[in-house]
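Some notes on the structure that comes next.
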Amino acid sequence: METINFKPSTKKENTFFMIIPFIFVIGVLCFTLFGYFTIGIVIFSIFSILGLIITFLLKIIKQSYSYEITSENEISISYKFINQNSATIRLDQITSLSLNQSFLEKILGLYSLRFGIFGKSNLLGGNGQIASNQAGFDSQELLTLKKSQAIEIYEHLSEEINGESREIVTKEKPEIFPSLLSTFFFISIPIIIFITILFLDIVLPLEYVTIISSITIGIILLFIVIIIIPKYLKIKSTKYVLTKNSVIYSFNYIFGSYKLLVPLDKITNTENRKNIFSYALFKVGHLKIFTGGSNDPVLNTFKKYEIFSKKVNEFSKKVRNQTENTTSSQNEKALMSVRPGSSYFTTLFFWLSVIYSLLIYGIYSVIGYFYQIFLGITIVYLLLLLLRFIIFKNTFYELYQDKIIDKSGIINIKTKEILFKKIKYIQIIRPFFFDRISNQGTIHLYTPGTNFVDNKLHSIDEYEVVFKELKEMIEEH
């Protein structure tokens, strides 16, 4: 394997050096037009000097870094400025790789290379600097490079980490109208205001109605130009591609481009999500792919998300079996199915009841009996209890030979698949009184990058039996 040496590009900083004097002149001219020449000079002199100093420091810091992809399948990073630091990242610990381009980078012919990293605690930060206290998985910007060099390094790394394959299994695109629907919701607010104003012309003077109507129309048009059109162009260019050994999420439009590659053998678990309303209207859902990093992709709003998810899991299993020289089991029947116990509901019921009682007592002590307020608080309290009860009844966990599936939700329905191979640690926690009195326990499943709130089997009745079964299955993998 060849050795590749490279350094961050400072083209952005050089561009800022040229832009700052131009901003200074324009700013001073604007102040001069209003008769404040001296104030303009002072203000923009201060901002220009600060801008030049910060840009100069950023340029020096970037130039202090050097990178080398070595023949030992490692990325070696060294930093020599005020302090001297070095780091080494093994290529087999890279969980995702992306090539990003902002609007400014498009103009300048630059790309930013980012990647998720397995299990590093001191990694590269936003501008190439070594960052601290980044526990577990991390997703960091490596550096900004010239276009040709960035593409060369991306292709080299994608090949080395068992990444991109030319053989496409399937590809999908997001649905445009459902994707824009949430955005249309926000634009509907000024439209409602505008319509309301039209009916107020009897009360308000005509000139006020005209002014407010013009402002409302301007806000709507500005929203369309700034938000709707760019989002439409981005969605239209978005692609979800599954190859035989990777998932690729990409888009390329006038304001930027993005290409994220996730090797199938680095996927820890997947999660299908659907909103019952959007699914009923458009038959669309979402697929979340977990590797543990903050750069994990969410494939949004497409129709065949369940089929795509099954194929991702199927080919992910094939890649892992080939890597480990094992054969996959064809048994897809659940070995065990469990549901949350009663304390999953009673714990929330207890705390909500305490809060409800204190709230009612506090309001009564301050303002006395107020029927409308008491009724409103009671309705919210009952609705929260009803919501929790329905979720409690619609949550269950299925254990298979190589994975566990977590299904929950009522409006936003979630189906998460967690591979035993990726579970690093399991733990029983019984923090509440109701868990103990009901002899129930919550089992936490820790995959790389997860924390205390992730991957929980809530309030299991026979928690020790389930824990033992899980432990044995995880040890087999």
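One-based numbering along the sequence shown.
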Examine the side chains of T3 and E68 and answer whether a donor and an acceptor come within less than 3.5 Å of each other.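 Short answer, no.
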Strictly below 4.0 Å, N to O, side chains only: are R90 and E74 in salt-bridge contact?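 Salt bridge: no.
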Do the side chains of D402 and K317 get close enough for a salt bridge, i.e. N-O under 4.0 angstrom?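 A salt bridge links D402 with K317.
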Side-chain touch [X]/[Y], heavy atoms, less than 4.5 angstrom:
X: T144; Y: Y111; value: no
X: L108; Y: K12; value: yes
X: T243; Y: E167; value: no
X: Y397; Y: S337; value: no
X: I377; Y: I360; value: yes
X: L242; Y: I168; value: no
X: V247; Y: P297; value: no
X: D406; Y: F396; value: no

Would you give the length of the straight line joining atom CZ of F467 to atom CD1 of I426, rounded to the nearest 0.5 angstrom?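 So the gap between those two atoms works out to 4.0 Å.
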Look up atom CG in L470 and atom CD1 in I423, then write down how far apart they are to the nearest 0.5 Å.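 Rounded to the nearest 0.5 Å, the CG-CD1 separation comes out at 6.5 Å.
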Whether [X] side chain and [Y] backbone form a donor-acceptor pair below 3.5 Å:
X: N313; Y: S309; result: yes
X: T95; Y: T291; result: no
X: H286; Y: R273; result: no
X: R339; Y: D461; result: no

Tell me, please, which residues at least two apart from I379 pass side chain to side chain contact (heavy atoms under 4.5 Å, CB included).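 With sequence neighbours excluded, I379 shows a side chain to side chain contact (heavy atoms under 4.5 Å, CB included) to L375, L383, given in chain and number order.
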Are Y249 and Y258 an aromatic pair, judged by ring center distance below 6.0 Å?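 That pair passes the under 6.0 Å test.
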